Amino acid sequence: MVPTIPSRDQEPVGRAPLPVWTRFLPAGRVVVREGDPGSSMFVILEGRVGVYREPAGAEARMVGQLSGGHFFGELALMTKCPRTASVVTMERTVLRELTRTGLVLMGARHGLEAPVVEMRCRERLLEDALRSSPLLRGLSPELWAQLGSALVPCSIGAGETLLTRGVPGEALYILLRGRCAVFHTHPDGRVTPYPDMGEGAIFGEVSLLRGRLATATVKTLTPCTLLRLDRDVFRKFFWGQAEIRRALVSLGLERMHRTMDVIVNPSE
């Protein structure tokens, strides 16, 4: 068993020279690394791999294992988001690597028609959201299934503004990967930072629920992978769902109280 991810001195396997490429890898080989861009996915023909997460500031941990017949890497391929986990071979492993063109050419041979891959992409993103957010875990399975179908994955580079204080927000965001800075700008121009937001954070609920201006500015500190729920979609399909409104109102009130504390006590 591979106890942890090999040193970053070891590069992941390079790009496949053809749309479909078979790789024969020894144990302990990094196939993909979390945070890297990706333009292909992999099907395990033989062997076993470990899936690792490296949360910011924390030691890498194994979150799963995959063996023959399983596939991975489809999130980066289908959503153009960075790799959301690192994958390392745990024994001698044979992989078939497929680019987008390769998926069209040979996907059906492995049971990987586009609808199947897209469905699994969404399932894995939603699994990540549930694992990282206590608020979402409190929703009923039926409501979560409805909400999950409306969430759209997106990838945002570092330094981008997602919410601007004083401007209406257009969406609710669930942060799956990366970190965001949150701050309040006072009328005299002084800036008071809030604690950074990490994986599992939900924001944008104040504008979503109340049609109010955003109470803080949110900027990405690192490249981020998020799920986005547009305001119009929320109002059309979820406005009447008391369960989700209660959860978001609770979150919004907590944020509004924090904002008032900053306004009243700007030096604290």
Side-chain angles (χ1 to χ4, degrees), residues 32-39 53-58 73-86 100 118 121-122 124-133 135-136 147-148 150-187 189-235 248 251-252 254-256 258-259 262:
V32 299
R33 197 179 287 279
E34 182 177 351
D36 287 350
S39 57
R53 287 294 328 283
E54 296 181 88
E74 77 285 353
L75 290 178
L77 179 65
M78 303 300 288
T79 67
K80 298 183 180 179
C81 294
R83 301 288 189 190
T84 56
S86 297
R100 276 187 173 271
E118 291 172 359
C121 278
R122 180 168 293 276
R124 284 183 173 165
L125 286 170
L126 297 180
E127 287 167 2
D128 281 351
L130 281 175
R131 184 167 49 243
S132 58
S133 173
L135 183 146
L136 296 176
L147 182 62
L151 292 165
V152 177
C154 58
S155 181
I156 308 294
E160 298 292 328
T161 300
L162 297 174
L163 292 177
T164 301
R165 181 182 179 275
V167 176
E170 297 295 330
L172 175 81
Y173 294 95
I174 303 172
L175 181 58
L176 298 181
R177 299 288 187 276
R179 297 194 68 78
C180 291
V182 188
F183 54 90
H184 177 89
T185 303
H186 298 273
R190 290 178 300 108
V191 173
T192 300
Y194 295 123
D196 293 345
M197 289 193 295
E199 297 176 9
I202 300 175
F203 56 95
E205 74 291 335
V206 172
S207 291
L208 197 74
L209 287 170
R210 301 167 180 260
R212 294 184 178 179
L213 307 181
T215 57
T217 297
V218 178
K219 286 188 176 182
T220 57
L221 288 172
T222 67
C224 292
T225 301
L226 308 103
L227 293 175
R228 173 186 168 114
L229 177 64
D230 287 334
R231 183 173 58 189
D232 292 344
V233 174
F234 174 81
R235 289 185 172 272
L248 294 179
L251 179 63
E254 179 183 330
R255 290 243 172 86
M256 291 179 70
R258 184 183 65 181
T259 300
V262 169

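Computed from a predicted model, the values in this text were never measured in an experiment. FYI, the numbering just counts along the sequence from 1.
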Do [X] and [Y] have side chains that approach each other closer than 4.5 Å (heavy atoms only, starting at C-beta)?
{"X": "C180", "Y": "L175", "result": "yes"}
{"X": "R177", "Y": "R53", "result": "yes"}
{"X": "Y173", "Y": "L227", "result": "no"}
{"X": "I174", "Y": "L226", "result": "no"}
{"X": "R228", "Y": "D230", "result": "yes"}
{"X": "T220", "Y": "L162", "result": "yes"}

Do you know the tightest heavy-atom contact between [X] and [Y]?
{"X": "V182", "Y": "M197", "value": "CG2-CE, 3.5 Å"}
{"X": "K219", "Y": "T161", "value": "CE-OG1, 3.1 Å"}
{"X": "Y194", "Y": "A216", "value": "CE1-CB, 3.8 Å"}
{"X": "R179", "Y": "G198", "value": "NH1-CA, 3.8 Å"}
{"X": "R33", "Y": "R83", "value": "O-CB, 3.4 Å"}
{"X": "D196", "Y": "A181", "value": "OD1-CA, 3.8 Å"}

Validation: residues 151-158 side-chain donor-acceptor distances under 3.5 Å, sequence neighbours left out:
none

Original post:
Any Lys/Arg nitrogen of E205 or R231 sitting under 4.0 Å from an Asp/Glu carboxylate oxygen of the other?
Top reply: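 So E205 does not pair with R231 through a salt bridge.
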
Subject >> Partners passing side chain to side chain contact (heavy atoms under 4.5 Å, CB included) against S39 (at least two apart in sequence or in another chain) >> reply: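 Result, side chain to side chain contact (heavy atoms under 4.5 Å, CB included) vs S39: R15.
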
**OP:** Calculate, to the nearest 0.5 Å, the distance between atoms CG and SG belonging to L176 and C224 respectively.
**Re:**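 Here the rounded value is 10.0 Å.
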
Subject >> E199 side, atom CD; T225 side, atom OG1 - distance, nearest 0.5 Å >> reply: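 One gets 9.0 Å once the value is rounded to the nearest 0.5 Å.
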
Subject >> Expected output: side-chain T222 to main-chain G178 donor-acceptor under 3.5 Å >> reply: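 Not confirmed, T222 side chain does not pair with G178 backbone.
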
